[in-house]
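Okay, structure first, notes after.
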Number of protein chains: 2
Amino acid sequence: MSVTIKDVAKKAGVGLGTVSRVLNNHPSVSEETRKKVLDAIKELDYNPNAIARSLKVKSTKSIGVMIPDISSAFYPDIVRGIEDIANEYKYNIILLNTDLKREKEKEALIMLKEKKADGILFISNTISEKLKRDFKKVNIPIVLIATKDDESEFYSVTIDNERAAYEATKYLIKLGHKRIAMIAGKKEDPNAGIPRINGYKRALEESGLKLDENIIFYGDYKFKSGYQNMLKVLKLKDKPTAIFSASDTMAVGAASCAMQHGFKVPDDFSIIGFDGVELAEYFYPPITTVKQPRYEMGAKGMEMLIKILQGEDVEREVQLDFELIERSSCKVKGES
Amino acid sequence: MSVTIKDVAKKAGVGLGTVSRVLNNHPSVSEETRKKVLDAIKELDYNPNAIARSLKVKSTKSIGVMIPDISSAFYPDIVRGIEDIANEYKYNIILLNTDLKREKEKEALIMLKEKKADGILFISNTISEKLKRDFKKVNIPIVLIATKDDESEFYSVTIDNERAAYEATKYLIKLGHKRIAMIAGKKEDPNAGIPRINGYKRALEESGLKLDENIIFYGDYKFKSGYQNMLKVLKLKDKPTAIFSASDTMAVGAASCAMQHGFKVPDDFSIIGFDGVELAEYFYPPITTVKQPRYEMGAKGMEMLIKILQGEDVEREVQLDFELIERSSCKVKGES
DNA sequence: TCACTCCTTGGAAACGTTTCCTTAAAAAAA
DNA sequence: TTTTTTTAAGGAAACGTTTCCAAGGAGTGA
């Protein structure tokens with residue numbers, strides 16, 4: 001029913017192979033026949049079938065993108081970066097939300113395997129041992145974004161979380177703050193959790209400030225946990241003057257909580273966030289943050305993947321630069 | 001190199017068709033042979049090839065999702081809704097950003113055509129005549145989300161923008177506000193622009209309030225245009241006491257501007273937004289808004305598409321309910 | 001025992017390409 | 001002119017499935 005290469009061949013009075021050749025710009029076809037074929041294609045409104053092509057050439061020009069949750073503010077920019085590059089190279093992306101659930105990750109992987117995705121981009125802050133094992137045996141090139149594995153068995157693009165947290169804390173110290181609380185991520189999170197806590201501790205230590213484990217609070221990066229941890233901060237007798245939050249969303253939660261309880265930001269609390277999401281920028285006061293180059297992380301990951309697919313070799317672990325963006329949520333301690 | 005159905009057949013000592021039958025749970029295969037085949041599959045670690053299957057059955061189980069920009073806060077939730085339903089029915093989604101550019105829309109459509117997407121979900125607030133024409137001749141089922149065409153030639157899922165704007169304005173009026181400005185969308189936008197302006201006007205009119213075209217400001221739904229339009233509001237001698245914004249992001253921009261200039265929200269200005277994005281919820285003060293059921297719009301659109309693909313008939317134009325969410329950015333006029 | 005059904009099964013054909021092998025024709029060389 | 005080389009073109013085979021048709025065998029009823 002739909003018009004195929006065969007119909008075109010017949011119409012143009014040439015062979016099958018010839019049509020295929022003009023379709024793929026093979027050199028050895030005379031100008032004359034090329035024209036005939038092109039005319040036939042136009043006339044019949046022929047449309048190539050990428051599925052049939054894929055079956056033969058064993059490449060689908062599709063990339064699987066596994067992500068915890070596209071509706072979580074951190075991810076869309078990454079995906080945009082991925083798609084832009086993919087598009088440039090004529091690849092498509094298949095988007096899969098996993099919610100970090102083992103079951104969904106497994107299903108997603110199976111789907112991608114069956115649909116013969118040429119490669120996979122895995123975006124997350126954690127990667128489980130099981131998934132790593134699955135990844136290793138699936139035999140599809142994979143690049144990790146915003147996470148990496150300790151053994152460096154996978155390609156990855158990340159930022160230096162430890163140093164970023166260090167810089168953020170250092171920034172607060174530079175402003176004169178001596179008692180700095182941290183609203184951290186998850187204790188067991190090897191990317192957004194631990195390294196950021198370590199960076200915070202190192203900055204304190206290096207500046208000769210006392211580390212008080214009681215003012216490190218653990219959250220899940222979301223608004224509510226920022227808000228609730230701030231509640232705890234407000235109950236402290238010896239309140240900190242500054243807060244480093246491991247996510248912008250928690251920072252905003254903390255700021256909201258403070259303001260709702262009659263405190264001022266940055267007058268009573270200087271707050272610095274992490275990630276660089278829109279919310280931090282548009283909040284009032286705008287939240288100082290260390291921005292992860294999300295778009296670039298996606299773009300870079302996709303570029304690496306394409307290179308891998310083309311057989312070029314690429315650096316195994318890429319670290320992109322973060323950026324400390326000064327806004328209005330932090331001020332010099334004591335100044336009014 | 002990779003193991004196929006043929007290898008399985010050989011190993012199990014059965015015919016090709018038989019393997020295919022157990023793979024597809026056809027009834028007519030004895031328990032005994034089914035077992036043999038299953039064993040062979042396990043032993044060889046056989047993995048079906050969806051590409052080959054698609055070629056034969058003429059269905060890829062892939063849905064194209066065309067969206068202006070996934071990194072714009074309005075869209076991710078919609079996509080999440082889509083993907084959840086898709087996933088449930090074993091479909092995959094191919095995500096394409098179009099930036100509302102004709103060229104990219106065209107390319108995306110061609111890609112989807114070649115890759116034989118079973119259906120398309122088009123998300124936007126506008127759809128151009130040209131694209132409509134392309135859609136009509138492409139012969140792939142299409143559902144529009146968050147937009148519709150005047151002629152009702154396409155399936156669509158939207159909300160009643162006029163009524164939503166009406167309710168929002170009415171809400172402000174009920175609070176006692178008499179002079180209500182609007183920060184509107186684009187004058188030529190047939191979905192998020194015009195109807196919302198009309199709803200605003202109707203509410204005013206119906207309540208006997210004077211319509212002042214000078215306090216309708218036009219923006220592009222983004223923060224900056226909210227901020228800048230608010231600047232104009234602040235210059236007015238006869239300032240409004242309330243503002244209805246056609247997007248949350250503009251509402252937040254307006255609120256930021258007001259607060260930065262020493263005004264208070266909601267004391268000096270009651271502000272109501274539109275969309276129900278996270279930013280409005282987490283802003284301080286939290287912004288009252290009329291929430292579009294974005295997740296549900298995506299989910300519903302996908303459900304409709306699946307039904308269409310299964311040959312069931314479905315309602316042509318579906319309107320989902322919006323919800324006015326009261327938060328802290330609006331208060332009774334005059335009250336302190 | 002024979003004729004009929006019904007249930008399983010095997011395998012060829014088809015889906016729409018690309019690629020490789022041939023061959024015909026044209027061009028170049030002798 | 002004849003031989004050799006080059007170029008253009010045709011078409012079969014293959015990619016990995018599904019589906020359809022034919023057929024063997026077992027069961028059933030008379």
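Every chain is numbered from 1, with letters handed out A, B, ... down the list of sequences. Owing to the predicted nature of the structure, the values given are computational and were not obtained by experimental measurement.
Here the P atom of nucleotide D/dA13 and the CG atom of A/L55 are 18 Å apart, to the nearest Å. The interatomic distance linking A/D7 (CG) with C/dT17 (P) rounds to 9 Å, in whole Å. Distance CG (A/N49) to P (C/dG16): 7 Å, rounded to an integer number of Å. The CD atom of B/E32 sits 15 Å away from the P atom of D/dG25 (whole-angstrom rounding). For the pair B/K36 NZ and C/dT8 P, the interatomic distance rounds to 14 Å; values are reported in whole Å. Atoms NZ (A/K58) and C1' (C/dT17) sit 13 Å apart, rounded to a whole Å. Atom CD in B/E31 sits roughly 10 Å away from atom P in C/dT8 (whole-Å rounding). Distance NZ (B/K61) to P (D/dT17): 18 Å, rounded to an integer number of Å.
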Within the sub-3.5 Å range, which N or O atoms of nucleotides 18-21 of chain C have a protein N or O partner, and how far apart are they?
residue	atom	partner	partner atom	Å
C/dT18	OP1	A/N24	OD1	3.4
C/dT18	OP1	A/N24	ND2	3.2
C/dT18	OP1	A/R53	NE	3.0
C/dT18	OP2	A/S20	OG	2.7
C/dT18	OP2	A/N24	ND2	3.4
C/dT18	O2	A/K56	NZ	3.3
C/dC20	N4	A/R21	NH1	3.3

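Of the listed nucleotides (D/dG16, C/dT9, D/dA8), D/dA8 has the atom at the smallest distance from the side chain of A/S30.
A salt bridge links A/R80 with A/D84; the closest basic N to acidic carboxylate O contact falls under 4.0 Å. With respect to B/E129 and B/K132, a salt bridge is recorded, a charged nitrogen being found less than 4.0 Å from a carboxylate O. Salt-bridge annotation for B/D134 and B/K130: absent, with no side-chain N of the basic residue lying under 4.0 Å from a carboxylate O of the acidic one.
For the side-chain contact (heavy atoms from CB on, under 4.5 Å) with A/S156, the lone residue among A/L144, A/I142, A/I145 that qualifies is A/L144. Among B/I120, B/L112, B/I70, B/V65, the one residue that satisfies the side-chain contact (heavy atoms from CB on, under 4.5 Å) test with B/L96 is B/L112.
The list of salt bridge (charged side-chain N to carboxylate O under 4.0 Å, His left out) pairs with a residue in residues 103-127 of chain B, not counting sequence neighbours, reads B/D99-B/K104.
Note on B/T33: a side-chain N or O is less than 4.0 Å away from OP1 or OP2 of C/dT9.
Within 4.0 Å of A/N47, counting heavy atoms only, lie sugar-phosphate atoms of the nucleic acid but no base atom. Here B/S54 lies out of heavy-atom contact (under 4.0 Å) with every strand. Note on B/S28: a base of the nucleic acid sits closer than 4.0 angstrom, heavy atoms only.
No side-chain heavy atom of A/K42 sits under 4.5 Å from any side-chain heavy atom of A/V8.
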Are A/Y91 and A/I306 close enough, and set up right, to give a side chain to side chain contact (heavy atoms under 4.5 Å, CB included), and what steps lead you there?
CA-CA 9 Å; A/Y91 279 85; A/I306 289 175; 4.2 Å; yes
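From one end of the helix from C/dT1-D/dA30 to C/dA30-D/dT1 to the other, with five pairs defining each end axis, the axis direction shifts by 50° (rounded to 10°).
A distance-only check finds no donor-acceptor pair linking the side chain of B/N24 to the backbone of B/H26 [under 3.5 Å].
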